[in-house]
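Worksheet: one structure, shown below.
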Amino acid sequence: MRLHGVDAPESSQSYGTAATRAARRYVGGKDVRVTVEEIGHYGRAVVRLEVK
């Protein structure tokens with residue numbers, strides 16, 4: 001799953017681990033609404049998240 005409108009490094013790239021930690025702090029433990037915007041080139045859902 002990829003986040004629509006977010007350009008962040010992959011986990012194996014520089015700052016990838018920090019980007020993952022930041023996203024988890026923002027969303028972790030909260031209810032979210034997921035809306036699939038499209039299916040990307042590699043078959044992954046590109047989604048929009050609404051944090052409740």
Side-chain angles (χ1 to χ4, degrees):
M1 177 167 36
R2 299 184 65 196
L3 298 178
H4 180 267
V6 175
D7 185 16
E10 299 287 335
S11 5
S12 61
Q13 295 176 321
S14 297
Y15 301 101
T17 302
T20 299
R21 277 196 309 262
R24 286 184 178 155
R25 277 195 309 271
Y26 180 70
V27 177
K30 298 177 184 164
D31 291 331
V32 296
R33 175 179 291 172
V34 178
T35 305
V36 176
E37 294 290 322
E38 64 181 293
I39 301 300
H41 296 283
Y42 299 106
R44 291 188 286 184
V46 178
V47 302
R48 189 177 300 265
L49 291 183
E50 179 185 342
V51 179
K52 304 271 181 166

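- Applying the side chain to side chain donor-acceptor pair (under 3.5 Å) definition to pairs two or more places apart or across chains, those involving residues 23-48 are His4-Arg48, Glu37-Arg48.
- No path of Ile, Leu, Val, Met, Phe, Trp and Tyr side chains, each step under 4.5 Å between heavy atoms, connects Val46 with Val34, placing them in separate hydrophobic clusters.
- Listed by chain and number, the residues in a side-chain contact (heavy atoms from CB on, under 4.5 Å) with Ala18 are Arg21 (sequence neighbours excluded).
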With a cut-off of 3.5 Å and sequence neighbours excluded, list every side-chain donor-acceptor pair involving residues 7-15.
residue	atom	partner	partner atom	Å
Gln13	OE1	Glu10	N	2.8

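- Between Ile39 and Ala45 the shortest heavy-atom distance is CD1-CA, 3.9 Å.
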